[in-house]
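Beneath this line is the structure, given in structure tokens, with notes to follow.
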There are 2 protein chains.
Amino acid sequence: MALTFASLLQTTSPFSTNSIKISVLGTSLKAAKKLTKHTAQFKCNGVAGELSMSEPADKWVQFPHLCDSGRRLMEEVASMIETQLDSQLNPCCTPADVRSFKNADVDSEGSVNIKSGAQGSKIDFVLGSWLHCKTPFGVLNIATIIGMVNPQTDAPHLLFEFIQSGQSSLVLVLDLLPRKDLVLDPDYLKWFYEDTKLDAPREALYKAQQAQPYVSSSLYVRSIVSPTAILVKINSELQSTAGTADGMEKIINDVVEPAAKEVVRIWLDAILTRGRPVDDFEKDLLLKRDNMIKTKGVEVDLSSNMPRLFGQDVTDRVVAAFRKGI
Amino acid sequence: MALTFASLLQTTSPFSTNSIKISVLGTSLKAAKKLTKHTAQFKCNGVAGELSMSEPADKWVQFPHLCDSGRRLMEEVASMIETQLDSQLNPCCTPADVRSFKNADVDSEGSVNIKSGAQGSKIDFVLGSWLHCKTPFGVLNIATIIGMVNPQTDAPHLLFEFIQSGQSSLVLVLDLLPRKDLVLDPDYLKWFYEDTKLDAPREALYKAQQAQPYVSSSLYVRSIVSPTAILVKINSELQSTAGTADGMEKIINDVVEPAAKEVVRIWLDAILTRGRPVDDFEKDLLLKRDNMIKTKGVEVDLSSNMPRLFGQDVTDRVVAAFRKGI
């Protein structure tokens, strides 16, 4: 595929690499979680016809449109999170029309699934979402897993995006987002990033001959990621099994999966064992910083081109759900 | 040259890409400036035998060991800064044994030249330095220009490093270092980075076929740079005039110089017209953040391997001068 991926995303996707990164981090999805909390609480006693009253049979999120190895990776990561955070998470009670939405032509669809943090837990929410878009340039699949931490602890947030365009192109955005200004707080950098050897999976992934650094066009997105962020374009045409589906499956299995699982393992460990209690002064600062990311998210959502792909009705419904409670 | 530049720097240079970045930013050089201030004031009335009583005939810093185009670029940038900041700068009164130092074998030498900010100006100090080191792996030349801003204004600092190893390898580190946490202050990002189109020279430079992203091994260094930072390795072997001195000269003239001068122009404009007055609360925060960078600089300096190349005596003399007044 000869298209520039960044251009493709920017011109055709409502959730471009920039906007989805921000949208899933942002108030929008936080709002969806709040909506879930407000209307459903633990028993998911929601508004009739508005809420899905039960979770999927065995998984809180599935990724039906990714390639085999991509689907397996994302679902295993979702399962790692669910299993290890366990009692820290509420059941997924996201409204049905947020868990599944389509455009009028039924050529693009999406799903957002949120599990809020249980009362007293360290988790704000975890989110799994996907978009499947048929564009003039080909099929675009964006899968996202987010873990937002609350101000009870200073552990970083998790951001994992897996963006496939055609058989041969993959963009990965995988990071533990810092909760503090690392320049002012080098101990935070040491504790969560250096001591955990979080740069090792990034280094391993960047060594792959098919991998090239990915630079987001959004300066704000570049600002929120950590110095160990994996921001990479993978082009499976740059290997012997040039551009084939098998080529990409192999890269995901051999290169992406080990790095991704290691980052997620480090994040879970940060939540469960490394995150430190936060005093009231710090709590206010963490909250302010987290909210800035979310507010910027809303701004970017509002200026994104979601209506172009999903139509205004679907956009309004999903965005209204996202923003409710803000 | 088949060596990995980062490894070369890490194993042989007292001012590796990491340590020089921090050292020149850090308290060390700030201290040299303070020493200059304390002992010389405007008339450079320093301690006999310790201070050079006059500046070089016509330039406050020269870069004698770089290739022609590199020397011209760095000296033109130094001249742009001196000309445009003009009355905001004091004469260069750096002690003679900081302005020129060598190791015992006289196979490595260096020079640090500092002009402190005039009273009431927005400049803390500007610094021009070079190191010329003969290592087992070849000749290493590191040229640096720094502009540190004081808390009278919120304009970013300037960091410009030009690191040549052999004929065909160049590492550039060129950035306007943010004074604030960009996540908490997206307006700062917009004002100094987006509105000034500071990403354009980075994009232009990264498009060059000889340019590859450079990743510092120091997570702290990665944390202090802005999202528009130019961190690039240039390998002149990746062009038709493969690996020749002429090849590198041409790349510096055609690719590096326009980008570098544009970044410096934007920095000078930020100092002269965009920087905003700072209230007392903000001033304290700016000072704290600037000092964190400087303190981290000292820590890295102390753990660097300068003694291996310049010997302990030279190191002690230079480092003592750097640290005095802290």
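Chain naming here is simple, since letters A, B, ... match the order of the sequence lines and numbering starts at 1 in each. Everything numeric in this text was worked out from a predicted model, so none of it was measured.
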Segment of B:L189 engaging chain A (4.5 angstrom heavy-atom cut-off): side chain

Which portion of A:S226 sits near chain B, non-hydrogen atoms under 4.5 angstrom: neither

N-O pairing of A:E282 and A:K180 below 4.0 Å: yes

Residue part contacting chain A, namely of B:R179, when any heavy atom lies under 4.5 Å: neither

Among the listed options A:D185, A:L219, A:T228, the residue most often paired with chain B at heavy-atom distances under 4.5 Å: A:L219

Note: A:K190-A:D187 ion pair, threshold 4.0 Å (strictly below): no

Smallest separation among heavy atoms of B:F160 and B:L172, with atom names: CE1-CD2, 3.9 Å

Top of B:D199, B:D181, B:L285 for chain A proximity - count of heavy-atom pairs under 4.5 angstrom: B:D181

Side chain, backbone, both or neither of A:L182 within contact of chain B (heavy atoms, under 4.5 Å): both

Ring geometry between A:F192 and A:Y188 (parallel below 30°, tilted from 30 to 60°, perpendicular above 60°): tilted

Side-chain H-bond candidate by donor/acceptor type, B:D290 with B:H157, under 3.5 Å: yes

